[in-house]
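Below is one structure, written out as structure tokens; comments come after it.
These values consider heavy atoms only, across backbone and side chains, with no hydrogens, waters or symmetry-generated copies.
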Amino acid sequence: MQRKSFGQMACPIARSLERVGEWWSILILRDALHGLTRFDQFQRSLGIAPNILTRRLDALVEAGLLERRRYSERPPRYEYVLTARGRDFRPVVVALFAWGNKHFAPEGASVLLVNTKTGDAVDPILVDRATGSPIKEPEYAFAAGPAASERTRRKYASANRATVPGKQDSITADGKRTARKRTAK
């Protein structure tokens with residue numbers, strides 16, 4: 001059975017899952033973020049079958065997350081190096097790491113994220129770049145963006161009315177909030 005493709009969906013989460021939603025892909029990116037670049041390194045780290053690793057690496061190269069570079073002519077050998085797009089996946093890995101440690105490590109953390117200068121363990125959070133405030137409900141909510149379909153606009157308008165009473169604002173292409181003209185009822 002062919003799985004459904006999310007690549008053409010308007011949702012940024014669905015489009016992202018199209019590129020990295022298969023669990024081996026996320027683990028390969030995790031290892032690449034730790035400095036692994038060669039096929040045998042990934043295979044040893046993950047215990048993954050060679051045919052599956054080949055397919056996953058090819059898909060990550062096609063998605064622009066890894067770049068394939070030849071490092072040996074005879075025999076021809078390649079390494080897989082993170083692209084800027086692949087390096088931008090780091091916050092996702094950090095968020096999954098923190099979530100997994102919080103909810104799925106009853107025996108305690110087997111891996112910590114530490115400050116390299118102090119050696120202190122850190123608890124990562126997602127923050128608003130503009131204000132430095134933690135992104136949490138109800139202060140932050142998803143809203144329809146400038147390229148949203150009418151269906152998406154309706155979906156987020158009804159969801160946001162429940163969490164932000166009286167708000168009927170929209171988001172402009174540059175991310176600014178603009179108030180819609182309110183009509184009397």
Side-chain angles (χ1 to χ4, degrees), residues 3-37 41-49 52-53 55-67 80-145 147-148 152 155-156 158-164 171 175 177:
R3 77 170 180 85
K4 179 179 175 135
S5 172
F6 296 140
Q8 299 305 314
M9 295 178 87
C11 174
I13 295 171
R15 288 180 179 175
S16 298
L17 286 172
E18 180 69 20
R19 278 57 177 207
V20 299
E22 200 277 331
W23 61 74
W24 287 119
S25 297
I26 295 172
L27 295 175
I28 291 166
L29 288 170
R30 176 206 63 192
D31 283 356
L33 287 161
H34 286 17
L36 277 59
T37 60
Q41 292 174 321
F42 291 117
Q43 190 175 20
R44 202 168 32 255
S45 172
L46 299 168
I48 184 174
I52 295 172
L53 179 56
R55 282 198 308 265
R56 293 292 91 220
L57 288 170
D58 288 347
L60 291 168
V61 168
E62 186 178 325
L65 294 150
L66 294 174
E67 179 183 337
Y80 297 87
V81 180
L82 287 164
T83 63
R85 183 181 288 180
R87 289 187 301 275
D88 283 349
F89 194 71
R90 184 173 178 13
V92 178
V93 170
V94 169
L96 280 170
F97 151 83
W99 184 65
N101 266 352
K102 180 176 180 179
H103 295 288
F104 304 111
E107 70 285 356
S110 62
V111 177
L112 297 172
L113 182 65
V114 298
N115 180 314
T116 58
K117 291 181 180 155
T118 66
D120 294 337
V122 296
D123 184 19
I125 60 169
L126 189 61
V127 298
D128 178 350
R129 183 185 305 250
T131 65
S133 299
I135 296 179
K136 57 184 182 174
E137 291 182 318
E139 295 89 5
Y140 292 87
F142 291 104
T152 300
K155 174 183 173 181
Y156 285 103
S158 64
N160 288 340
R161 263 185 252 138
T163 59
V164 187
I171 306 296
R177 182 175 292 280

What heavy-atom pair brings L46 and I28 nearest, and what distance separates the two atoms?
CD1-CG1, 3.7 Å

Can you name the nearest heavy-atom pair linking V20 to F89, along with the distance?
CG2-CE1, 3.7 Å

Heavy-atom closest pair, residues F42 and L36
CZ-O, 3.4 Å

If we ignore hydrogens and angles and just use 3.5 Å, is the side chain of S16 paired with the main-chain N or O of P12 as donor and acceptor?
yes

Once rounded to the nearest 0.5 Å, what's the spacing between atom CG of L33 and atom CZ of R87?
9.5 Å

Hey, mind stepping through V127 and S133 against side-chain contact (heavy atoms from CB on, under 4.5 Å) and telling me if it holds?
CA-CA 5 Å; V127 298; S133 299; over 6 Å; no

Which heavy atom of V111 sits nearest a heavy atom of N101, and at what distance?
O-ND2, 3.0 Å

Separation between OG1 (T131) and CD (E139), nearest 0.5 Å, reads 10.0 Å

Could you walk me through whether L53 and W24 pass the side-chain contact (heavy atoms from CB on, under 4.5 Å) test, one step at a time?
CA-CA 8 Å; L53 179 56; W24 287 119; over 6 Å; no

For residues V122 and P124, report the shortest heavy-atom separation together with the two atoms involved.
O-CD, 3.5 Å

What pairs with R85 under salt bridge (charged side-chain N to carboxylate O under 4.0 Å, His left out), at least two apart in sequence or on another chain?
none

How far does CG of L82 sit from CZ of R90, to the nearest 0.5 angstrom?
11.0 Å

Is a donor on one side and an acceptor on the other found under 3.5 Å between the side chain of T37 and the backbone of Y80?
no

Which value, rounded to the nearest 0.5 Å, describes the distance between D120 atom CG and N115 atom CG?
6.5 Å

d(L29 CG, D88 CG) to nearest 0.5 Å is 11.5 Å

Might you point out which heavy atoms bring L113 and F97 nearest each other, and give the distance in Å?
N-CZ, 3.4 Å

Checking P134 now: which residues fulfil side-chain contact (heavy atoms from CB on, under 4.5 Å) with it, not counting sequence neighbours?
I125

Going through the checks in order, is the side-chain contact (heavy atoms from CB on, under 4.5 Å) test met by L66 and V81?
CA-CA 5 Å; L66 294 174; V81 180; over 6 Å; no

Pairwise salt bridge (charged side-chain N to carboxylate O under 4.0 Å, His left out) hits with a residue in residues 21-32, at least two apart
E22-R56

Plane angle bin for F142 and Y156 - parallel if under 30°, tilted between 30 and 60°, otherwise perpendicular:
tilted

Find the distance between CG (L57) and CD1 (I52) and round it off to the nearest 0.5 Å.
12.0 Å

Given side-chain contact (heavy atoms from CB on, under 4.5 Å), test R19 with L65 step by step and report yes or no.
CA-CA 9 Å; R19 278 57 177 207; L65 294 150; 4.3 Å; yes

